Amino acid sequence: MAPAQIFPINVGHIDDVQELNKTKISSIPQRFIRDRKERPKVSRINPFCQKTIPVIDLSRLQKGNRDDHGFQSELQQLTDSCEHWGFFQVINHGVDLGLLESIEKVAMDFFMMPLEEKQKYPMNPGTVQGYGQAFVFSEDQKLDWCNMFALGVEPHSIRNPKLWPSKPANFSETLEEYSKEIRKLCKNLLKYIAVSLNLDENVFEEMFGVAVQAARMNYYPACPRPDLVLGLSPHSDGSALTVLQQGKGSSVGLHIFKDNNWIPVQPIPNALVINIGDTIEVLTNGKYKSVEHRAVTHKEKDRLSIVTFYAPSYDVEIGPMAEMVDENNPPKYRRYNHGEYSKNYVTNKLQGKKSLEFAKIPNMQNN
Ligand SMILES: O=C(O)CCC(=O)C(=O)O
Ligand SMILES: [Fe+2]
């Protein structure tokens, strides 16, 4: 996410979803009701559907010799996940489980504070940091059934210190420690992703400079009509990689769009969900694609997700890597500065994979 920006825009009144729920509304306010084609046909998703995103055991990539069968088969699984799914769950990821619990606790404690307390950290219209609804730019835009709290984490210069809350206790320390661990995980994953592409393992680390990292906590209260609303509008992430932690005992909320279907992601306890962002799609010239995803709500259960976006430094120039381009694979994306990409991303509403149009070379086959 790029630094906060304020434009003179009118987003109208945005209801706080938790507060709406407290009033035991009998009908969903119009602004949350999606057009028919956008509604999540919850009942049409077969819960016994066998398709589910792949699982990667990171310890199998880290242990032993790279020629070992264990390493090679896990690497193949990683390659398939990136090429065909754009999403996977990672287990044995090395992030301390106590820390996963702590971040979940402080995030939940934050959302459970009184509204006046949370409003001390407002997300101003057109900006993406603070508490509120991001990506709302007009009065007639549909709203998500979600409250968000988003913060720039790394490098320190992208932090807005006014938005780092003094309450709940330990929030800032925990986010700081968590972000360091997630940073290590992203570096590690990018190393193996590079290996899976037959590239030097340090290629991304060296290219990204001081990587930008932002955290977004999404709280989806239960919704009396999950069939009419979306928790989060369909989008791809602008990052290189995204790491998503789902609250313990979370109901299914995340859906990914694959083969023209919305596929639910079944939470695995203590696993982290990883997805390829637009930046890796561009760098790999479309070999590893970012995948459209959304969140849906549940009639009785609330849900929390803690999301970390990991991206190159804003001053880095991005474009398809030379190794990913040849006469049979001409560049599908132009070169641009990542800061410009990020600015474009955060100043537009979430709309499927539209964000990538910024980078696409017109008339190239992108699929
Ligand atoms: O809450 C989720 O499962 C999805 C969150 C997400 O996609 C995002 O914050 O970018
Ligand atoms: Fe996302």
Side-chain angles (χ1 to χ4, degrees), residues 1-7 9 82 86 123 126-129 134-137 150-155 157-160 183 186-187 189-190 193-194 197 203-216 232-244 274-293 307-325 330-364 366-367:
M1 287 185 280
Q5 302 161 30
I6 301 173
F7 330 107
I9 54 173
C82 293
M123 185 182 289
T127 70
V128 288
Q129 287 200 44
F135 305 104
V136 185
F137 299 97
L151 295 168
V153 181
E154 287 288 340
S157 56
I158 71 159
R159 289 188 185 186
N160 179 347
R183 201 168 182 84
C186 288
K187 285 179 195 251
L189 288 168
L190 284 168
I193 288 175
L197 292 160
V203 66
F204 296 119
E205 166 104 48
E206 283 168 8
M207 185 194 306
F208 285 9
V210 182
V212 167
Q213 199 172 323
R216 180 151 82 207
L232 191 60
S233 303
H235 65 282
S236 63
D237 296 337
S239 54
L241 279 189
T242 301
V243 179
L244 180 141
I274 311 295
N275 64 286
I276 300 286
D278 295 347
T279 304
I280 291 286
E281 172 163 339
V282 172
L283 290 170
T284 62
N285 199 28
K287 186 170 169 68
Y288 290 175
K289 289 193 175 59
S290 64
V291 168
E292 191 174 336
H293 53 285
V307 186
T308 304
F309 303 99
Y310 187 86
S313 170
Y314 290 136
D315 53 14
V316 172
E317 195 185 84
I318 295 295
M321 289 185 287
E323 298 87 337
M324 308 304 297
V325 173
K332 294 174 180 149
Y333 312 88
R334 64 186 179 88
R335 302 192 72 77
Y336 55 83
N337 169 276
H338 181 70
E340 285 170 42
Y341 190 82
S342 193
K343 186 171 168 195
N344 179 69
Y345 189 94
V346 300
T347 50
N348 283 285
K349 66 175 184 174
L350 298 178
Q351 221 178 335
K353 288 197 64 174
K354 198 154 190 283
S355 50
L356 260 173
E357 273 164 29
F358 176 87
K360 279 183 186 164
I361 296 177
N363 307 323
M364 287 301 299
N366 283 94
N367 289 312

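Keep in mind the model is a prediction, meaning the values are calculated, not measured. In what follows, residues are counted from 1 in the order of the sequence shown. When reading the values below, keep in mind they use all heavy atoms of this one structure, side chains included, and skip hydrogens, waters and symmetry mates.
For the residue pair Y345 and D237, the shortest heavy atom distance occurs at OH-CA, 3.6 Å. Across all their heavy atoms, N344 and S355 have their closest contact at ND2-O, 4.1 Å. Smallest separation of non-hydrogen atoms from V282 and R334: CG1-O, 4.5 Å. The two atoms that bring C186 and L241 nearest to each other are O-CD1, 4.0 Å, heavy atoms only. Heavy-atom minimum distance, K332 versus N285: N-OD1, 2.8 Å. Looking at every heavy atom in both residues, T347 comes nearest to F137 through C-CZ, 3.5 Å.
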- Task: Starting from the C-alpha separation in whole Å, work towards a yes-or-no answer on side-chain contact (heavy atoms from CB on, under 4.5 Å) for F204 and M321.
- Result: CA-CA 11 Å; F204 296 119; M321 289 185 287; 3.8 Å; yes
- Going through the distances and angles, do N275 and V291 end up as a side-chain contact (heavy atoms from CB on, under 4.5 Å)? CA-CA 8 Å; N275 64 286; V291 168; over 6 Å; no
- Message: Evaluate R159 against V153 for side-chain contact (heavy atoms from CB on, under 4.5 Å), listing each step before the verdict.
- Response: CA-CA 6 Å; R159 289 188 185 186; V153 181; 4.0 Å; yes
- Query: What do the steps show when you test L190 against E205 for side-chain contact (heavy atoms from CB on, under 4.5 Å), and what is the final call?
  - Reply: CA-CA 8 Å; L190 284 168; E205 166 104 48; over 6 Å; no
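Judged purely by atom type and a 3.5 angstrom limit, S236 has no side-chain atom pairing as donor or acceptor with the backbone of G277. Using a distance-only test at 3.5 Å, with no hydrogens or angles considered, a donor-acceptor pair links the side chain of T284 to the main chain of I280. A donor-acceptor contact shorter than 3.5 Å links the side chain of R183 to the backbone of A211. Distance alone, capped at 3.5 Å, places no donor-acceptor pair between the E292 side chain and the P234 backbone. Counting only distance, with no hydrogens or angles, the side chain of E317 and the backbone of R335 share no donor-acceptor pair below 3.5 Å.
At a threshold of 4.5 Å between non-hydrogen side-chain atoms, the residues Y333 and I318 do not count as touching. Between P155 and V212, the closest side-chain pair of non-hydrogen atoms falls below 4.5 Å. Looking at heavy atoms from C-beta onward, L189 lies out of side-chain contact with Y310 at the 4.5 angstrom threshold.
Distance check: I193 CD1 to L283 CG gives 11.0 Å after rounding to the nearest 0.5 Å. Rounding to the nearest 0.5 Å gives a distance of 6.5 Å between NZ of K289 and NZ of K353. Put simply, NE2 on H338 and OG1 on T279 are 4.5 Å apart, with the number rounded to the nearest 0.5 Å. To the nearest 0.5 Å, atom CG of residue L232 and atom CZ of residue R216 are 6.0 Å apart.
For K187, the NZ atom sits in a packed shell: over 12 heavy atoms of surrounding residues, nucleotides or ligands are nearer than 6.0 Å.
With H235 as the partner, the side-chain hydrogen bond (donor to acceptor under 3.5 Å, both in side chains) test is satisfied by one option alone out of K354, H293, Q351: H293.
Ring orientation note: the planes of Y336 and F358 are nearly perpendicular, at an angle over 60° on the 30°/60° scale.
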